[in-house]
There are 2 protein chains.
Amino acid sequence: MVQLMAGNRLEPGRSTASRLLSVLDVFSIKAEELSLVEIADRAAMPVATTYRLLGELTKWGALERLPNRRYRVGLRLWEVGSLAPRQRDLREVSRPFMQDLYEATHENVQVGVPEGNEVLIVEMVSGRSAVPTVTRVGGRLPLHATAVGKVTLAFSDPDLLARTLQQGLPKLAPRTLTMPRMLIQAVEQARQNHFAFAVEEMTRGASSVASPVLARDGTLIAAIALVVRASADLGRLAPAVRTSALALSRELQRTR
Amino acid sequence: MVQLMAGNRLEPGRSTASRLLSVLDVFSIKAEELSLVEIADRAAMPVATTYRLLGELTKWGALERLPNRRYRVGLRLWEVGSLAPRQRDLREVSRPFMQDLYEATHENVQVGVPEGNEVLIVEMVSGRSAVPTVTRVGGRLPLHATAVGKVTLAFSDPDLLARTLQQGLPKLAPRTLTMPRMLIQAVEQARQNHFAFAVEEMTRGASSVASPVLARDGTLIAAIALVVRASADLGRLAPAVRTSALALSRELQRTR
DNA sequence: ACGCCGATTGCCACTGAGCGGAAACCTGTT
DNA sequence: AACAGGTTTCCGCTCAGTGGCAATCGGCGT
């Protein structure tokens with residue numbers, strides 16, 4: 001028998017709760033179905049420990065076990081998550097406005113809220129004729145390379161912009177703004193115009209226009225955007241997005 | 001100082017993981033914003049313990065802390081939950097079909113999947129003109145008093161019906177089927193017709209028609225329903241629901 | 001302003017719940 | 001039938017989690 005760690009713990013100080021939650025962290029849009037070892041690896045925990053925690057999570061319904069012994073996120077977790085008021089209220093109120101915007105343009109409509117250093121997409125309306133996007137409801141978009149992101153930066157606490165610049169502006173597509181000066185200027189413009197563009201900055205062939213959804217006190221609640229093929233005339237679409245954003249803002253201000 | 005339990009635990013044998021998850025359990029549609037003591041009470045745990053767990057959950061983002069010191073479900077939990085493939089795929093595929101059904105009838109359209117002894121509503125389309133329903137996305141409906149429920153019972157493992165009968169048929173509205181015989185008969189009819197009705201069995205003034213969404217092997221994936229005011233002509237609406245259910249089934253069978 | 005009461009936060013002694021290495025046990029593959 | 005890769009069970013050791021208590025905070029009524 002080899003030497004054991006003190007208390008038999010590889011990482012003393014890490015709480016059981018945080019271990020449990022870090023199991024949930026390993027699931028993502030690119031990894032929605034994982035095996036025991038895959039989860040253990042990604043969560044940086046021994047298999048035995050991971051196995052026990054997975055058992056608890058599965059029993060509760062946070063995860064589901066597939067016949068091929070893999071794990072995926074379960075319905076019970078979705079159910080509890082769908083109670084999150086921040087997304088639920090916004091989503092319910094915005095749906096009709098998004099629908100109208102879709103009818104008028106037949107392009108992809110997205111609504112996102114700031115979450116950490118990204119924008120979390122909370123609702124989407126898209127049809128067959130619109131450009132296919134990689135984005136999904138529940139997915140995240142970067143702040144510096146999207147229209148929703150620029151609008152968010154323009155109407156949030158200034159140090160969100162500072163943090164974004166500090167952690168660098170990764171080049172995601174040929175036309176991504178990678179120079180701080182350029183982004184600062186774009187954000188400044190967004191603040192003045194109440195809308196922002198992003199032309200092939202995130203994905204080649206796709207562009208977007210966004211406008212802010214604001215609370216009574218002027219703070220940003222969300223951003224609404226149209227994602228279109230790069231050849232589309234963004235200038236012509238901007239007023240429609242702006243109008244929807246205003247209507248949505250007014251409706252949200254009415255209810256609270 | 002008073003006597004302490006062995007190990008200072010009130011409830012030895014209850015794991016930390018299960019305690020953490022039972023904190024999430026206390027949140028519901030009727031209790032989406034709770035204070036520390038309320039949570040401790042409902043989860044049957046001491047305040048000190050609850051406080052620590054709430055701290056971990058908040059740090060991770062599963063819960064959010066409001067200025068009034070209350071807790072509610074956070075965006076991070078919604079984000080992870082939205083990865084649940086069972087609801088995500090179904091929801092994405094069904095949306096256009098639901099939209100069509102809505103356009104044709106201008107009534108509330110619901111899609112639900114079986115989860116435990118209830119139906120979990122996964123997606124909804126409703127307009128201003130339709131009857132206001134209490135049901136929300138993420139909400140649950142009883143198996144015995146709704147059209148979606150009866151359809152689910154008709155096309156699921158027979159012992160789901162047995163379990164439903166065993167735990168009693170609570171009277172939810174004047175016309176709820178409370179006699180086992182009646183429910184069995186209704187389920188039998190649903191199996192033959194491929195649709196079911198519920199006339200003011202759940203809520204006075206509201207009725208519904210539902211039809212099953214089936215996998216290639218005949219097992220039930222979901223149920224799609226129209227919820228209408230009680231005065232509406234259900235018989236006239238049934239074929240539309242049936243048609244949507246078939247179209248949706250076919251589309252789902254195509255993709256997998 | 002003041003005092004009251006419930007809610008929140010911090011503290012700390014005690015021990016069983018959680019940890020993880022290792023071995024047994026499956027499951028599909030050559 | 002042997003093997004490889006993953007999954008499940010086992011078990012001894014100990015520190016992380018527990019929860020009673022008390023100090024502190026804060027909202028509300030007087």
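Reminder, nothing fancy here: chain letters follow the sequence lines and each chain counts from 1.
One interatomic measurement links the two molecules: CD of B:E56 to P of C:dT9, which rounds to 15 Å at whole-angstrom precision. Rounded to whole Å, the distance from CG on A:D41 to C1' on D:dT7 is 14 Å. As a whole-Å value, the separation of B:L36 CG from C:dA7 P is 9 Å. As a whole-Å value, the separation of B:R52 CZ from D:dC21 P is 17 Å. Rounded to whole angstrom, the span from the OH atom of A:Y71 across to the C1' atom of D:dG6 amounts to 11 Å. If you measure from atom CG of A:L54 to atom P of D:dT9, you get 13 Å, rounded to the nearest angstrom. One atom, CG of A:L34, and another, P of D:dT7, lie 11 Å apart when rounded to the nearest Å. One can place CZ of A:R19 at 7 Å from C1' of C:dC19, the figure rounded to the nearest angstrom.
Among D:dG19, C:dG21, D:dC15, the nucleotide with an atom closest to any side-chain atom of A:P46 is C:dG21. Which of C:dG20, D:dT7, D:dG20 sits closest to the side chain of B:A48 comes down to D:dG20. Here D:dT9 is the nucleotide among C:dT8, C:dG20, D:dT9 with the atom lying nearest to any side-chain atom of A:Y51. Set against D:dG17, D:dT8, D:dG20, the side chain of A:R69 has D:dT8 as its closest nucleotide. Side-chain proximity of B:L10 to the nucleotides C:dT27, D:dG19, C:dG21 is greatest for D:dG19. Of the candidate nucleotides D:dT8, C:dG20, C:dG18, C:dG18 has the atom nearest to the side chain of B:S15.
For the pair A:V47 and A:E11, nearest-nucleotide mapping onto DNA chain D gives the more 5' position to A:V47.
A:R70 comes within 4.0 angstrom of nothing in the nucleic acid, heavy atoms only. Here A:R14 lies out of heavy-atom contact (under 4.0 Å) with every strand. Residue contacts shown for A:T16 are limited to sugar-phosphate atoms, with no base heavy atom under 4.0 Å away.
The pair A:R72-A:E32 does not meet the salt-bridge criterion, since no charged nitrogen lies less than 4.0 angstrom from a carboxylate oxygen. For the pair A:E64 and B:R86, the salt-bridge criterion is met [side-chain N within less than 4.0 Å of a carboxylate O].
Distance CD1/B:I221 to CZ/B:R216: 9.5 Å, rounded to 0.5 Å.
Counted by atom type alone, B:E56 and A:S18 present zero donor-acceptor pairs between their side chains at under 3.5 Å. Side-chain contact of B:R14 with B:S22: a donor-acceptor pair under 3.5 Å is present, judged by distance alone.
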